[in-house]
Amino acid sequence: MNSPPVIAIDGPTASGKGTVASLVAEKLGFHYLDSGALYRLVALGSQKASIDPTNGAELGLLAQKLVISFKNGQILLNSEDVTEVIRTESIGLCASAIAVHPEVRQALVGVQHGFRKAPGLVADGRDMASVIFPDATLKVFLTATADARAERRYKQLIAKGISAKLEDLLRDLQERDARDSSRGAAPLLVADGAKVLETSDLSIDQAVKTVLDWYQAKTA
Ligand code: DC
């Protein structure tokens, strides 16, 4: 039997891939995997358990034991609703730090494959096309300049009433870009066969339409 189709959308932090991926999934009636949320959950779990972010072996064991569930837009960690808590900049930075460990990445492979169900899946992250779903029907590398991404993040935070400094956000995302791209295990890269979508000057609707057009062209 053929496996359900996958659209893999990778890209750097704050590139808008989450928004675009979830809208593409909605339009196609596909399931949606936010793989970054899994690394954020391990980061939160590691902080609660006071595990050193450099201890790959212990973090891998923790990642195997965490009870994670995605229900009606809510994200639960060991039955606690952590939907908002995992979105902070500090958890994002910690997620990037713990994601360098192969033990952590390995522990999350099965969970990610479990999202692949009919009629199809849109998965976003850093290694969706290169490692987790190398047979994806469509591979997209969605990106924007660091300035454009910092500004988007700034506007999102201000709109939520959270104070932020543009320079700090730019510095943090450059730090995460550097680590996510230079790590040995499953680094962020443009996978073989991936199409690059530069969104600095595109609206969300234009980016979603481009991905849907590319998918249609692949499946026509
Ligand atoms: O997409 P995000 O910002 O929520 O991801 C948080 C961190 O998790 C990111 O900086 C690196 C890590 N990550 C990863 O290593 N591989 C993925 N597929 C998704 C996220």
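Order of listing sets the numbers, starting from 1, for every ligand and every atom in it. None of these values were measured; they are calculated from a predicted model.
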J.: Going by side-chain hydrogen bond (donor to acceptor under 3.5 Å, both in side chains), name the residues that satisfy it together with Y215, two or more places apart in sequence or in a different chain.
T.: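 Here no residue qualifies.
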J.: Can you name the one residue among L142, T210, V122 that meets side chain to side chain contact (heavy atoms under 4.5 Å, CB included) with V20?
T.: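 Exactly one pass, corresponding to L142.
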J.: Within a 6.0 Å radius of atom CD on E84, are there more than 12 heavy atoms belonging to other residues, nucleotides or ligands?
T.: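 Incorrect, the count does not exceed 12.
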J.: In terms of side-chain heavy atoms, does D81 have a donor or acceptor partner in T83 at a distance below 3.5 Å?
T.: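 Note: D81 and T83 side chains meet the donor-acceptor criterion.
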J.: Tell me yes or no: between the side chains of Y39 and R126, is some donor less than 3.5 Å from an acceptor?
T.: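 Short answer, no.
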J.: With a 4.0 Å heavy-atom cut-off, what residues sit around ligand 1?
T.: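 T13, K17, S35, G36, Y39, R40, A95, S96, A99, R105, G125, R126, D127, M128, R176, D180, R183.
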J.: Do other residues, nucleotides or ligands put more than 12 heavy atoms under 6.0 Å from D213 CG?
T.: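 More than 12 heavy atoms, drawn from other residues, nucleotides or ligands, come within 6.0 Å of this atom.
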